[in-house]
Novice: 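Here it is, the structure, as structure tokens.
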Amino acid sequence: MRKRDRSPKTYTRLTHPLVRDARDAPLRRATWEEALDRTARGLAAARGAFGMFSCARATNEMNYVAQKFARVVMGTNNVDSCNRTCHAPSVAGLSAAFGSGGGTSSYEEIEHTDVIVMWGSNARFAHPIFFQHVLRGVHNGARMYAVDPRRTSTAEWAESWLGLNVGTDIPMAHAIGREIIHSGLVNEAFVLRATTGFEEYRALVEPWTLSLAEKVTGVPAAAVRELAHAYARAERAQLCWTLGITEHHNGTDNVRALINLSLLTGHVGRYASGLQPLRGQNNVQGGGDMGAIPNRLPGFQDILDGGVRLKFESAWDTVIQPHYGLNLTEMFEAMEDGSLRAVYCIGENPAQSEADGEQAVRRLRELDFLVVQDIFLTKTAELADVVLPATAGWAETEGTTTNSERRVQRVRRAVTPPGEAREDIDILCELAARLGHDWKYPDAEAVWNELRSVSPDHYGMTYERLAEHQGIQWPCPHTDTLEPPYLHGRLWETDPERRGRPAPFGIVRHDPPVDLTDEQYPIRLTTGRRLDSYNTGVQSGGYASPLRRGEYVELCPEDAERYGVVVGERVRVTSRRGSVLAPVWVDTGLRPGLAFMTFHFPDEVDTNRLTIEANCPIAGTAEFKASAIRIEKVSASGPALR
């Protein structure tokens, strides 16, 4: 096989503002004054039809100011970020069960647990830092089970791999729940005291016998039974998941189905027993915590709560709209019907990260005004009317970020930003001033202290304490004490008043993938990440990696033989939405009928031309994990197709 060029496209670091003089004119260099004035005019004309895309890689302080800009300056709750394309179902599911969208455990706890269930997660590739804690847990004697359609690098470390069919997570979870119930392994004291809806749940899972689960999921009944008994009998157990659970049209239901197992066994609210949704971007958790989502104000406080709104209205001297805004998915739909005409996009690249990519680009092109604030000239920035060069969230900016275990940590400026790049907060405040709001934040700490004044969960986290403890997990309501590293210990209280609201079982039903396979599209395509690259490749493409081999469509040996293709041979991959050309890779971790691709090299192979915009109705996340495709050999003289 001829060696491929392993150097993906590198993106130009933005060093000065760019503006476009007409829709078809090229971007040209501008002064900051001109770029900010143009932006202010574009946004002022769009009040009532505006959306803010905030950034899950930028600091908490930037996300706080960005959502405040949307709500105070633009008068809308239409603010969201890429959490919508990944973990919004985790937040929705955990919130519905426990009233809080954060993972319930700390990383350290997985080192001291007895059973680890990695469900829909190739954490070794997608979350390598967290996986180091998993390996310590395994080294300490924990039994690990991997539930994933692919036999991934993570699964290689597991005691047992349960290779379920894509989109059958709920049947699997229900069968485990039924087996726990029928085997008398329910933690009855916990269920009686801390939950509601058990009898309805029992009836829901009763049809899901092990034999039916084997038929639907493809996993041997004995393996399902073994996992059920191991999880339920463990003194401590951690259930972890990633996008294999959430990126489905019923992602929130999938999350609820997993949470049900923790409620059934009491594996939540105790040290080393909990639920871990693993976030990929460095500040997905923090972006939501800061209120850069359409339904929550900073501190994850419900925008529909009149008392909460009054607190923020007093602090910000404004009126907050008493309804939820549009999430990212809904904002794209509003572009389609013309009710959303302007977007302020900070650090996101939706032109390449949204499902059904051609449709996403068309909608962005049809906006009246698009401003992009970023560190690179991304494909989204290339569509903008104004491009504002920002500092990087890493090494060029002061502030904080919050990781998957809810730990807020300081980040610090260590290098000088290039050219005329300015800090995100500085840019937002300059625009706010041009639109009539004189915000004075001398530094990031001033923003953080304002956040602390309105968010009880963050009140105790001064910059000084964050440095002293090398990060603090929320909630931290006091400046002189720290809370336990796990959430929801209240559920174990014997006093009903201290125990508070019980956790309801989720009554969720199996709903197969929307994009069904058939004779025309016989292969199930699922997507994910690789260790050496990152999302749409904008940030990782500029760095060399000995592991990087570019984009391939991965097939099992049997399918490669059936199609008569070999490693490196280009094939046409076609879904009901589009086609791409991609070279073949053969992976023995796949099964017949299952293919795998990533989003890391969209300039080389635009995988999102294949994916479907079938969204979870609760969280708005698209079904990136389940597209129906066909594979066709391409002759050397065939048409060029990307």
Novice: Can you give me the closest heavy-atom contact between Arg591 and Leu164, atom names plus distance?
Specialist: NH2-O, 2.9 Å
Novice: Quiz question: by atom type and distance under 3.5 Å, do the side chains of Asn165 and Thr217 form a donor-acceptor pair?
Specialist: no
Novice: How long is the straight-line distance from CD1 of Ile110 back to CD1 of Ile116, given to the nearest 0.5 Å?
Specialist: 4.5 Å
Novice: Compute whether any side-chain donor of one residue and acceptor of the other, for Thr402 and Asn60, lie under 3.5 angstrom apart.
Specialist: yes
Novice: Would you confirm whether Glu247, through its side chain, and Gly244, through its main-chain N or O, come within 3.5 Å as a donor-acceptor pair?
Specialist: no
Novice: State whether the side chain of Gln276 and the backbone N or O of Leu239 hold a donor-acceptor pair below 3.5 Å, judged by distance alone.
Specialist: no
Novice: Are the side chain of Arg548 and the backbone N or O of Asp532 linked by a donor-acceptor pair below 3.5 Å?
Specialist: yes
Novice: For Asn282 and Asn403, test the side chains for any donor-to-acceptor distance below 3.5 angstrom and give the result as yes or no.
Specialist: no
Novice: So, are Arg29 and Glu420 salt-bridged, with charged N and O less than 4.0 Å apart?
Specialist: yes
Novice: Yes or no on side-chain contact (heavy atoms from CB on, under 4.5 Å) for Leu27 and Val19, after CA distance, side-chain angles and deciding distance?
Specialist: CA-CA 5 Å; Leu27 288 165; Val19 299; 5.8 Å; no
Novice: Just wondering, are more than 12 heavy atoms of other shown residues or ligands nearer than 6.0 Å to CD in Glu561?
Specialist: no
Novice: Would you call Arg362-Glu366 a salt bridge at under 4.0 Å N-O?
Specialist: yes
Novice: Grab the two heavy atoms, one from Lys633 and one from Tyr563, that are nearest each other, plus how far apart they are.
Specialist: CD-O, 3.2 Å
Novice: Taking 4.0 angstrom as the limit, do Arg412 and Glu398 come out as a salt bridge?
Specialist: no
Novice: Within a reach of under 6.0 Å around CD1 of Ile129, are more than 12 heavy atoms found that belong to other residues, nucleotides or ligands?
Specialist: no
Novice: Name every donor-acceptor pair, under 3.5 Å, that has one atom in a side chain of residues 375-384 and the other anywhere in the protein, sequence neighbours excluded.
Specialist:
from	atom 1	to	atom 2	distance (Å)
Thr378	OG1	Thr380	N	3.3
Thr378	OG1	Ala381	N	3.0
Thr380	OG1	Asn349	OD1	2.7
Thr380	OG1	Ala351	N	3.0

Novice: Less than 4.0 angstrom from a charged side-chain N to a carboxylate O is my criterion; do Arg413 and Glu423 meet it?
Specialist: yes
Novice: So how far is it from Leu18 CG to Leu388 CG, rounded to the nearest 0.5 Å?
Specialist: 9.0 Å
Novice: Could you check whether Glu159 pairs with Arg143 (Lys NZ or Arg NE/NH1/NH2 to Asp/Glu carboxylate O, under 4.0 Å)?
Specialist: yes
Novice: Could you check, using the six-membered ring where one of them is a Trp, whether Tyr344 and Phe53 have ring centers closer than 6.0 angstrom?
Specialist: no
Novice: Distance under 6.0 Å and angle within 45° of the ring axis: does Arg549 meet both against Tyr552?
Specialist: yes
Novice: Sort out for me which residue in Arg279, His87, Glu405 forms a side chain to side chain contact (heavy atoms under 4.5 Å, CB included) with Gln285.
Specialist: Arg279
Novice: On a heavy-atom basis, which atom in Gly399 and which in Thr59 lie closest, and how many Å separate them?
Specialist: CA-CG2, 4.2 Å
Novice: Is it true that Glu632 and Arg570 make a salt bridge, defined as a side-chain N closer than 4.0 Å to a carboxylate O?
Specialist: no
Novice: Looking at Glu551 and Arg530, is any side-chain nitrogen of the basic one under 4.0 Å from a carboxylate oxygen of the acidic one?
Specialist: yes
Novice: I'd like to know if Arg577 and Glu358 make a salt bridge, using a cut-off of under 4.0 Å between side-chain N and carboxylate O.
Specialist: no
Novice: Under 6.0 Å between ring centres: does that hold for Phe125 and Phe131?
Specialist: no
Novice: Considering all heavy atoms of both residues, which atom of Ala626 and which atom of Asp515 are nearest to each other, and what is their separation?
Specialist: O-CB, 3.9 Å
Novice: Look at Asp559 together with Arg562 and state whether they make a salt bridge at an N to O cut-off of under 4.0 Å.
Specialist: yes
Novice: Looking at Arg576, I'd like to know if its CZ atom is crowded, meaning that more than 12 non-hydrogen atoms belonging to other residues, nucleotides or ligands lie closer than 6.0 Å.
Specialist: yes
Novice: Looking only at non-hydrogen atoms, find the nearest pair between Pro522 and Arg630 and report the distance.
Specialist: CD-CB, 3.8 Å
Novice: What's the shortest heavy-atom distance between Thr611 and Ala355, and which atoms?
Specialist: OG1-CA, 3.4 Å
Novice: What's the verdict on side-chain contact (heavy atoms from CB on, under 4.5 Å) for Asn608 and Phe599, showing C-alpha distance, side-chain angles and the deciding distance?
Specialist: CA-CA 7 Å; Asn608 266 332; Phe599 309 117; 3.3 Å; yes
